[in-house]
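Counting starts at 1 for both ligands and their atoms, following the listed order.
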Amino acid sequence: MTIISARMAVRSCKHLCARGVFSHYLPSMHAASPPLSRQISMDAQTLTARLKESGLLRSQALIGGKWSDAYDGKTIKVHNPATGEVITEVPCMGSNETKDAISSAYDAFKSWSKQTAAARSRHLRKWYDLLIAHREELGQLITLEQGKPFQEAMGEVTYGANFIEFFAEEAKRVYGDIIPSPLADRRLFVLKQPVGVVGAITPWNFPLAMITRKVGPALACGCTVVIKPSEFTPLTALAAAELALQAGIPPGAVNVVMGNSSDIGDTLLASPEVRKITFTGSTAVGKKLMAGASATVKKVSLELGGNAPCIVFDDADVDVAVKGALGAKFRNSGQTCVCANRIIVQEGIYEKFANAFSKAVQNLQVGNGFTEGVTQGPLINEAALHKVESFVQDALSKGAKVLLGGKIHSLGRTFYEPTVLGDVKSEMLISREEVFGPVAPLLRFRTEDEAIHIANDTNAGLAAYIFTNNVQRSWRVTEALEYGLVGVNEGIISTEVAPFGGVKQSGLGREGSKYGIDEYLEMKYVCLGNMMGN
Ligand code: SIN
């Protein structure tokens with residue numbers, strides 16, 4: 001049986017989301033199963049049928065609490081990236097449906113924002129409970145439409161659900177302020193109020209967690225949302241929305257539309273009723289959204305691309321560095337914004353690290369995410385595969401060396417071999433831009449200053465990692481790094497309780513943690529006069 005049962009795969013990853021995912025990267029003894037595509041084809045059909053029965057495989061959008069087709073009946077196909085098979089079709093929507101979703105969210109805002117924080121908190125808690133109760137089905141949907149290994153997908157469900165639990169709790173802690181007045185007869189207050197309707201545009205690499213990280217704080221403080229998930233991965237979003245309805249979150253508070261990205265995006269931007277845009281995705285699209293939001297002066301949060309350096313100093317513990325770099329690079333087959341994009345290794349430890357790291361990478365098992373033992377799924381589509389190929393070719397043509405892998409996997413289609421490149425230089429494409437695939441480029445450096453210079457020599461500033469046993473150095477380098485997140489001797493650092501976000505062109509604002517809710521709040525200063533009565 002190739003499909004992993006949830007009970008085998010569930011791990012406790014309450015706080016650091018990917019603990020389970022991380023340990024999943026440890027060397028596996030399983031061999032690849034050769035007749036893969038036939039087995040998967042059968043299993044995918046059984047799975048799809050089971051998911052339909054459970055009511056969690058939805059193929060309509062959600063507007064104002066009603067499941068809806070596109071008004072002109074158009075659909076788009078959702079593919080399984082591992083096999084190319086069509087899982088189902090979903091509506092290909094545009095401006096008209098988005099306008100209706102905005103109106104529904106606007107109407108729902110009037111009552112949702114008036115509910116007590118305690119009531120909103122209870123609804124979110126119920127949603128969390130349902131997400132966890134349906135972890136297996138949600139994990140299956142994620143693996144089906146996104147491709148990540150089932151165990152990792154289950155880790156994402158826990159990670160994603162944790163944002164809802166965390167913000168269910170934070171809903172009750174949106175405190176205002178009282179300011180000591182400069183005048184005896186005045187009293188000054190600060191109220192915090194929900195910003196209004198939020199447009200949440202989310203990516204395919206975390207089909208659940210990037211939604212809950214936005215929608216959790218938005219709903220908690222009284223906002224309502226129109227979600228536009230990626231057209232590659234709408235099914236998890238729709239299942240989560242179904243569970244939100246089951247949790248009693250009122251119709252219209254959560255809407256999901258998908259289809260023509262630019263029509264939907266333009267409609268969200270143009271609407272004066274949408275008061276905030278929150279986006280995770282490419283820097284190029286983020287810049288367009290930021291410009292577009294200026295016409296109606298909306299609040300904007302952007303979580304954009306990274307180019308994460310992972311610096312390994314001579315004084316690092318090699319085992320810790322290998323484990324950390326492996327997790328930071330190969331999570332989701334290299335398809336995260338916080339994936340180590342450049343592994344920068346000091347010359348004294350370079351050979352030792354390169355050998356140990358390549359050995360660890362060699363043990364990663366590539367295949368369909370439903371096959372037991374697989375830790376590296378497919379890339380999202382052929383375009384992603386071609387991008388990876390072209391980055392590797394560019395590096396090789398400029399003097400990089402293949403230490404491991406370096407080509408399309410024998411499984412073909414969207415599978416690429418876990419790859420390690422040596423002698424990579426800063427000017428190569430792979431050092432300048434996110435490869436978003438399972439390729440680890442190793443660069444060499446001599447001094448600490450040089451490492452900091454290489455690390456900061458990019459427009460991006462999301463995540464960085466350093467490996468060292470020198471405490472002073474860990475502080476010095478952490479403070480010098482122009483990044484929003486830094487992992488010291490750790491490669492997996494995302495959690496709902498810590499602020500996630502970048503500096504420079506990696507974005508604006510923070511998600512998760514006690515800070516994440518501020519992005520959905522406005523401050524109102526209130527001055528009460530004549531307070532002494534005459
Ligand atoms: C991302 O890739 O944008 C999110 C990664 C994470 O939450 O750890």
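- Heavy-atom proximity to Met210, at under 4.0 Å, picks out these atoms of ligand 1: 4 (C), 7 (O).
- Each of the following atoms of ligand 1 lies closer than 4.0 Å to a heavy atom of Tyr159: 6 (C), 7 (O), 8 (O).
- Heavy atoms of other residues, nucleotides or ligands lying less than 6.0 angstrom from NZ of Lys126 number 12 at most.
- No N or O atom of Gln335 sits closer than 3.5 Å to an N or O atom of ligand 1.
- Considering backbone and side-chain atoms together, Cys337 places an N or O closer than 3.5 Å to an N or O of ligand 1.
- Taking the side chain to side chain donor-acceptor pair (under 3.5 Å) definition, one finds that Thr267 meets it with Ser95, sequence neighbours left out.
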Quiz item: Taking it one step at a time, do Arg125 and Glu165 satisfy salt bridge (Lys or Arg N to Asp or Glu O under 4.0 Å)?
Solution: CA-CA 6 Å; Arg125 176 70 211 192; Glu165 183 191 42; 2.9 Å; yes
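- Considering backbone and side-chain atoms alike, Thr280 places every N or O at 3.5 Å or more from each N or O of ligand 1.
- The shortest side-chain heavy-atom distance between Leu219 and His123 does not fall under the 4.5 Å cut-off.
- Close contacts between ligand 1 and Thr336 involve ligand atoms 2 (O) [criterion: under 4.0 Å to a heavy atom].
- The side chain of Arg331, and not its backbone, has at least one atom closer than 4.0 Å to an atom of ligand 1 (non-hydrogen atoms only; side chain from C-beta on).
- Taking only nitrogen or oxygen atoms, main chain and side chain alike, Glu303 reaches within less than 3.5 Å of ligand 1.
- Remark: of the listed residues Arg135, Arg213, Lys148, Lys148 is the sole one forming a salt bridge (charged side-chain N to carboxylate O under 4.0 Å, His left out) with Glu156.
- In summary, the atoms of ligand 1 found under 4.0 Å from a heavy atom of Ser494, numbered by their order in the structure, are 6 (C), 7 (O), 8 (O).
- Remark: Phe391 engages no residue in a ring-ring contact (aromatic ring centres under 6.0 Å, His included) (not counting sequence neighbours).
- Partner Glu417 forms a side-chain hydrogen bond (donor to acceptor under 3.5 Å, both in side chains) with one of His409, Gln362, Gln376, Lys407 and no other, that one being Lys407.
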